[in-house]
Protein chains: 2
Amino acid sequence: MADPEYAAFRELVDLSMEELCREQFRDDRERARIKNERIAVRNLVRIFNAALSLSNRKGFAAMSLRELSAEAGLSMGALYNYFASKDQLLAMIQRQGRAVVTRVLESQVEAETGPRPRLRRAIQAHLFLSEALQPWFYFAYMETRHLGRDEHRQAMAAELATETLFVDIIRQGQAQGVFLPMDAELLAGLIKAMLQDWYLKRWKHKRRGVAVERYAALVADLVEARLLTVRPG
Amino acid sequence: MADPEYAAFRELVDLSMEELCREQFRDDRERARIKNERIAVRNLVRIFNAALSLSNRKGFAAMSLRELSAEAGLSMGALYNYFASKDQLLAMIQRQGRAVVTRVLESQVEAETGPRPRLRRAIQAHLFLSEALQPWFYFAYMETRHLGRDEHRQAMAAELATETLFVDIIRQGQAQGVFLPMDAELLAGLIKAMLQDWYLKRWKHKRRGVAVERYAALVADLVEARLLTVRPG
DNA sequence: GTCTATATCTGGATAGAC
DNA sequence: GTCTATCCAGATATAGAC
């Protein structure tokens, strides 16, 4: 369990879009205009999937609600039972994904104790998660700037929270004398950048035939080389 | 000259938008509807700057040509003397920037010989360049997917070309026994990811008060730790 | 070279039948 | 709950005066 494969991870946490949409439905059941959960969830799944697919091809702004209605298999009128405006749809998707990501990441890190396994686990969990929810991660990254002021703030806060997770692990390791001293905040930033590249530049990694497990090991090794300065071999 | 400051670099290569626009004008002087260079360049500068500024706030798709005309200080009609369609404007900006970036990067790397200084110089040059042309780099990254098929191909090719620059340096160092063996392509990819973060997540670095020189040193140190496994201090 | 005015279309959003 | 039909604001692009 110290180094779970991606397949195992994917079963561990239920990451289906359906689960994500069911949460969305339950979160504001009162305000929702559709009362039947089965129907509401089924349609939310269609809408979210269609929105992610179209947006990731052409951008959220360029996606028309007519296209969305066609891809989701619902009429324009029906769509508006699930969100009040295009902007609200954007915010809904962002918020719901963030909740899932935060929850899973934190639980994964807690599963380890020592600084070294914790760091590796955090890196791996982030990559596995972004692999399982790739369309959402890409969407969240590219469309953050189109959020309203408040939602935008929350997105930045979430990004910083993720980094803090890494910062804490690094500082813990430094306090214990396991890791060498260096600016933990900056290193965490670099780690985040490498993790983001995994879902932002998918075509490149696919083209090179790099699997997610290998990428995880690569990043972890690079970071450990700096923090431990082990000699290879 | 081994480790030039950003200020020096900025003087070294002329990176003004004006220079970039003058090239644009000369490149298709025949087809251009405006014949007077002074006027054409002045207006191209206004248009490009306005387009970058607006696009980077709200996205190219969400930027209307009315806004562009207001920000650039030209009427809608006048705009269409400088490009044939909104899509073409997008392609123009992308292409012109790419040309400048490629040229500068390659000349910078050639200025050094040994693998270690070369690697450091390449990292630094990329960061300095993206600092000097920050709006363009951000724009190029975020809007690549909105390009037509051919232009999109060229953008990906340019990205790979930049990485090849790093790959070659790493392989050179490995061949000389200066760098430890490892997959050069993958490491180059990680380097690129860290370099991109500099202009993609500007708010974060600003907030932390990290200057470009410091960031360059940080990335270079991390990479060297892996390739050299030097002991600090 | 630049402007104003306008043709033409497509977008988000809603009303009301079923 | 879902659909069709429609409103109208705002988009790109162009024509023609100056």
Side-chain angles (χ1 to χ4, degrees), chain A residues 21-22 24-25 28-48 50-51 54-55 57-93 143 146-148, chain B residues 21-22 24-25 28-48 50-51 54-55 57-93 143 146-148:
Chain A
C21 292
R22 179 165 292 118
Q24 166 64 37
F25 173 74
D28 48 11
R29 178 165 225 156
E30 311 93 43
R31 273 171 298 169
R33 288 160 77 172
I34 310 291
K35 295 305 171 193
N36 182 320
E37 174 164 328
R38 268 175 46 91
I39 293 177
V41 170
R42 185 200 50 176
N43 285 344
L44 272 174
V45 169
R46 289 184 185 165
I47 292 172
F48 277 25
L54 287 168
S55 294
R57 258 177 284 151
K58 13 188 320 178
F60 186 78
M63 172 194 74
S64 78
L65 291 189
R66 285 183 171 74
E67 289 173 298
L68 180 62
S69 104
E71 179 99 1
L74 288 166
S75 71
M76 286 281 297
L79 285 187
Y80 276 85
N81 282 325
Y82 294 91
F83 51 81
S85 73
K86 199 184 172 190
D87 280 353
Q88 203 204 69
L89 172 62
L90 174 58
M92 269 170 59
I93 299 178
E143 308 296 347
H146 301 132
L147 291 168
Chain B
C21 292
R22 180 165 292 119
Q24 167 64 36
F25 172 73
D28 48 12
R29 179 165 225 156
E30 309 95 43
R31 272 171 300 169
R33 289 160 79 173
I34 310 291
K35 295 304 172 192
N36 183 320
E37 175 163 325
R38 268 176 47 93
I39 293 176
V41 170
R42 184 198 49 173
N43 285 344
L44 272 174
V45 170
R46 288 184 185 166
I47 293 172
F48 278 25
L54 287 168
S55 294
R57 258 177 283 153
K58 16 190 314 184
F60 186 78
M63 171 195 75
S64 79
L65 292 189
R66 284 201 225 301
E67 291 173 296
L68 180 62
S69 104
E71 179 98 3
L74 287 168
S75 71
M76 288 280 299
L79 284 187
Y80 276 86
N81 282 325
Y82 295 90
F83 52 81
S85 74
K86 199 184 172 190
D87 280 352
Q88 204 204 68
L89 172 62
L90 174 59
M92 268 170 57
I93 298 179
E143 308 297 347
H146 301 132
L147 290 169

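Lettering of chains follows the sequences in order, A, B, ..., and the numbering in each one begins at 1. Only heavy atoms go into these numbers, but all of them, side chains included; no hydrogens, no water, no symmetry mates.
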Side chains of A:Met92 and A:Leu44 in contact at under 4.5 Å (non-hydrogen atoms): yes
Got B:Ile47 and B:Leu89 here, is their nearest side-chain heavy-atom distance under 4.5 Å? yes
With sequence neighbours excluded, tell me which residues meet salt bridge (charged side-chain N to carboxylate O under 4.0 Å, His left out) with [X].
| X | answer |
| --- | --- |
| B:Arg33 | none |
| A:Glu37 | A:Arg22, A:Arg26, A:Arg29 |
| B:Glu71 | B:Arg57 |

Is DNA chain D part of any stem, that is, at least 3 consecutive Watson-Crick or G-U pairs with both distances under 3.5 Å, and where?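 Stem list for DNA chain D: C:1-18 with D:1-18.
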In this structure, how many angstroms lie between the [atom2] atom of [N] and the [atom1] atom of [X], rounded?
| X | N | atom1 | atom2 | value |
| --- | --- | --- | --- | --- |
| B:Phe60 | D:dA11 | CZ | C1' | 13 Å |
| A:Lys86 | D:dA11 | NZ | P | 13 Å |
| B:Gln88 | D:dT14 | CD | C1' | 16 Å |

Residues from residues 32-40 of chain A sitting under 4.0 Å of DNA chain D, heavy atoms only?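 Correct list: A:Ile34, A:Lys35, A:Asn36, A:Ile39.
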Give me the first and last nucleotide of DNA chain C, going 5' to 3', that has any atom under 4.0 Å from a heavy atom of chain B.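 Result: C:dG1 to C:dT4.
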Ignoring hydrogens, what is the shortest heavy-atom contact between [X] and [Y]? Give both atom names and the distance.
| X | Y | answer |
| --- | --- | --- |
| B:Phe60 | B:Glu143 | N-OE2, 3.0 Å |
| A:Glu67 | A:Lys58 | OE2-NZ, 2.7 Å |
| A:Val41 | A:Cys21 | O-CB, 4.4 Å |
| A:Met63 | A:Ser55 | SD-OG, 3.9 Å |
| B:Leu90 | B:His146 | CD2-O, 3.7 Å |

Treating A:Asn36 as the side-chain partner and A:Ile39 as the backbone partner, does any N or O pair qualify as donor plus acceptor under 3.5 Å?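 Yes; at least one donor-acceptor contact below 3.5 Å.
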Point-to-point distance, once rounded to the nearest 0.5 Å, from CG of A:Leu74 to CG of A:Leu65: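 A:Leu74 atom CG to A:Leu65 atom CG measures 12.0 Å (nearest 0.5 Å).
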Qualifying side-chain hydrogen bond (donor to acceptor under 3.5 Å, both in side chains) pairs with a residue from residues 75-90 of chain B, counting only residues at least two apart or across chains: B:Asn43-B:Tyr82
Below 4.0 angstrom, which residues in residues 71-83 of chain B have at least one non-hydrogen atom near DNA chain C?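 Only B:Leu74, B:Ser75, B:Gly77, B:Ala78, B:Asn81, B:Tyr82 qualify.
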Tell me whether the OP1 or OP2 atom of D:dA11 has a side-chain N or O from B:Arg66 closer than 4.0 Å. yes
